[in-house]
Amino acid sequence: MSAGKKLAGTSEPLHFWNGAGGVRLAGDAWGDTSAPLVVLQHGAGQTRHAWKGVGKLLASAGYYAVAFDARGHGDSDWAPDARYDQDIMVEDPSRVITACGNGRPALVGASMGGGTSLVAVGEDRVDATALLLVDVAPQIDHDGVAKIRSFMSQNPDGFDSLEEVAQAIANYQPQRRRPKNLDGLGKNVRLGADGKYRWHWDPKFRRSPHYDLVARQHRLEACARRLKLPTLLVRGGLSDVLTEQGAREFLQLCPHCEYVDVPDAAHMVAGDRNDVFGNAVVEFLSRAVPTTRPTPQVHQRQGTAEA
C-alpha cells in the first residue's frame with residue numbers, strides 16, 4: 001500500500017530495517033558505525049530527509065547518525081493493520097536500535113518523533129544516553145495541532161501539479177522561502193496512476209489514537225517526571241505548537257533539562273534554522289555523549305522545503 005510511485009530522481013533509502021509487526025522501515029545513516037549512535041525521528045508528515053543536514057553534521061562530529069521514515073511515511077511501509085498508536089511507534093525505533101547494534105543511543109525527536117522518544121525513555125523502553133526534544137512537550141497548543149492535521153488532510157483526491165503542492169506548503173510555512181526548483185518536492189509526494197500527486201503518508205495515520213491529546217499529555221507528563229538522563233528541549237521561537245508556557249511547564253517536570261529557544265524558527269525548527277539547530281544539537285551531545293573529534297559548526301541559514 002502506498003500513495004503511488006516515487007518521482008524520478010528521488011533518492012533511495014540506504015537501509016531497510018524490520019519494525020514491529022514486520023513493517024519495513026526505510027532509513028539513511030551518516031558516519032562510522034562504531035561511533036556513538038544517534039537516532040533521529042521526524043515529525044508527523046515529514047520524512048528522514050528532514051535530518052540530512054543534521055545527520056552529516058553529527059557524522060563530522062564523530063557520531064553515527066541514523067534517521068528513518070516512521071511507519072506510514074516516506075519510503076517506509078504503511079501499516080497493514082493501520083496501527084499508528086504510541087506503543088507501536090515506540091517499538092519501531094527499538095527494532096532499529098537493535099539492528100544497528102550500537103547499544104545505548106542518544107535519541108533526537110521532533111514533534112511526533114519527540115513524543116515517541118520521550119515515551120521510549122520515560123517508560124524504560126530504550127536505554128538511552130541522552131534525549132533531545134524538538135518543539136514538543138506534554139502540553140502543546142491544540143490549535144497548532146489542528147493546523148497540522150488540516151494541512152495533512154487537504155486535497156485527499158490529489159494535486160494536479162507540483163506547483164499546487166508547492167503552494168500548499170508555502171501556505172502552511174509562510175516563514176520559508178518558496179523553492180524555485182520543485183524537484184525537491186519529490187520527497188513529499190507520490191504520483192498516482194490517475195496522474196495526481198498525493199502526500200507520501202498513509203491517510204489512515206491521521207485517524208490514529210495518537211491524536212487523543214488529553215491522554216497523550218498525561219502519559220508524557222509521567223514520562224517527563226521520570227527522566228534522569230541528559231535532556232535538551234529546543235523550541236522554535238515562532239512555534240504555534242509548543243508555546244513558551246508549554247516549554248516552561250516541561251522544565252518544571254524535568255528540572256535538569258537544558259533549554260534552547262531558536263529565534264525566527266517555527267514548528268519545523270531544523271528546516272527553518274538548520275544553522276542554529278545543528279550547532280545546538282552537536283554542542284549538547286559533545287557534552288552529554290562526548291567523542292574525540294572537535295565540535296564542527298554549521299553555517300547554512302535555511303533548510304529544505306520539506307513539509
Side-chain angles (χ1 to χ4, degrees), residues 13-19 25-43 46-70 89-110 113-134 136 223-224 226-234 254 256-260 269-270 274-298:
L14 295 178
H15 302 280
F16 284 100
W17 298 287
N18 289 323
L25 304 172
D28 291 333
W30 304 266
D32 188 334
T33 57
S34 65
L37 175 64
V38 180
V39 176
L40 306 159
Q41 298 184 80
H42 63 75
Q46 291 187 302
T47 69
R48 67 188 190 278
H49 298 293
W51 298 115
K52 182 178 179 180
V54 174
K56 290 182 176 180
L57 186 66
L58 286 168
S60 68
Y63 297 95
Y64 180 51
V66 169
F68 66 93
D69 293 339
M89 297 291 279
V90 171
E91 185 64 24
D92 285 340
S94 300
R95 302 292 181 91
V96 172
I97 291 164
T98 299
C100 290
N102 280 55
R104 301 180 67 212
L107 298 184
V108 180
T116 300
S117 299
L118 177 54
V119 171
V121 175
E123 296 183 355
D124 296 323
R125 308 276 286 275
V126 172
D127 182 17
T129 56
L131 175 65
L132 198 158
L133 303 175
V134 186
V136 65
C223 290
R226 299 188 192 109
L227 296 178
K228 303 297 183 184
L229 77 175
T231 304
L232 172 66
L233 174 63
V234 179
C254 181
H256 71 275
C257 178
E258 300 180 33
Y259 179 51
V260 174
V269 181
N274 192 52
D275 51 352
V276 177
F277 175 74
N279 289 334
V281 171
V282 173
E283 194 279 329
F284 170 71
L285 289 178
S286 68
R287 291 182 286 106
V289 191
T291 68
T292 57
R293 296 190 191 179
T295 301
Q297 295 289 311
V298 61

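We number each residue from 1, following the sequence as shown.
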Just jot down the side-chain hydrogen bond (donor to acceptor under 3.5 Å, both in side chains) partners of Arg287, sequence neighbours excluded, or say none. Glu258, Glu283
To the nearest 0.5 Å, tell me how far Leu233 CG sits from Cys254 SG. 9.0 Å
Once rounded to the nearest 0.5 Å, what's the spacing between atom OG1 of Thr98 and atom CG of Asn18? 11.5 Å
Quick one: closest heavy-atom pair of Trp17 and Ala99, and the distance? CD1-CB, 3.4 Å
Tell me every residue that passes ring pair (Phe, Tyr, Trp, His ring centres under 6.0 Å) with Trp30, counting only those two or more places apart in sequence or in another chain. none
Does Tyr63 reach the main-chain N or O of Ala106 with its side chain, forming a donor-acceptor pair under 3.5 Å? no
Examine the side chains of Thr116 and Gln41 and answer whether a donor and an acceptor come within less than 3.5 Å of each other. no
From Asp69 CG over to His49 NE2, what is the distance, rounded to the nearest 0.5 angstrom? 6.0 Å
Under 4.5 Å between any side-chain heavy atoms of Val96 and Leu37, yes or no? no
Can you find a pair of side-chain heavy atoms, one from Phe277 and one from Val134, that are under 4.5 Å apart? yes
Would a 4.5 Å heavy-atom cut-off, applied to side chains only, mark Trp51 and Val108 as touching? yes
Heavy atoms only: give me the nearest Leu40-Ala65 pair and the separation to one decimal. CD1-CB, 4.2 Å
Minimal heavy-atom distance between Thr291 and Pro36, with the atoms involved, is CG2-CG, 4.0 Å
For Cys257, the option from Thr231, Leu227, Leu131 that meets side-chain contact (heavy atoms from CB on, under 4.5 Å): Thr231
pair Arg226-Glu123: side-chain heavy atoms closer than 4.5 Å: yes
Would you compute the distance between atom CG of Leu58 and atom OH of Tyr64 and round it to the nearest 0.5 angstrom? 13.0 Å
Looking only at non-hydrogen atoms, find the nearest pair between Gly114 and Leu133 and report the distance. O-CD2, 3.4 Å
Taking His15 for the side chain and Leu25 for the main chain, is one N or O donor matched with an acceptor at less than 3.5 Å? no
Verdict with supporting geometry, Glu91 and Arg125, side chain to side chain contact (heavy atoms under 4.5 Å, CB included): CA-CA 8 Å; Glu91 185 64 24; Arg125 308 276 286 275; 4.2 Å; yes
Among Val126, Val38, Thr129, Val289, which residue meets the side-chain contact (heavy atoms from CB on, under 4.5 Å) test with Pro105? Val126
Here the gap from Lys56 atom NZ to Asp28 atom CG, rounded to the nearest 0.5 Å, amounts to 10.0 Å
Test item: Phe68 and Pro93 side chains (from C-beta on) under 4.5 Å apart, heavy atoms: yes
When every non-hydrogen atom of Pro13 is compared with those of Ala26, the smallest separation belongs to CG-CB, 3.6 Å
Do you know which two heavy atoms are closest between Ala288 and Pro230, and how far apart they sit? CB-CB, 3.7 Å
Heavy-atom side-chain contact between Leu57 and Val281 under 4.5 Å: no
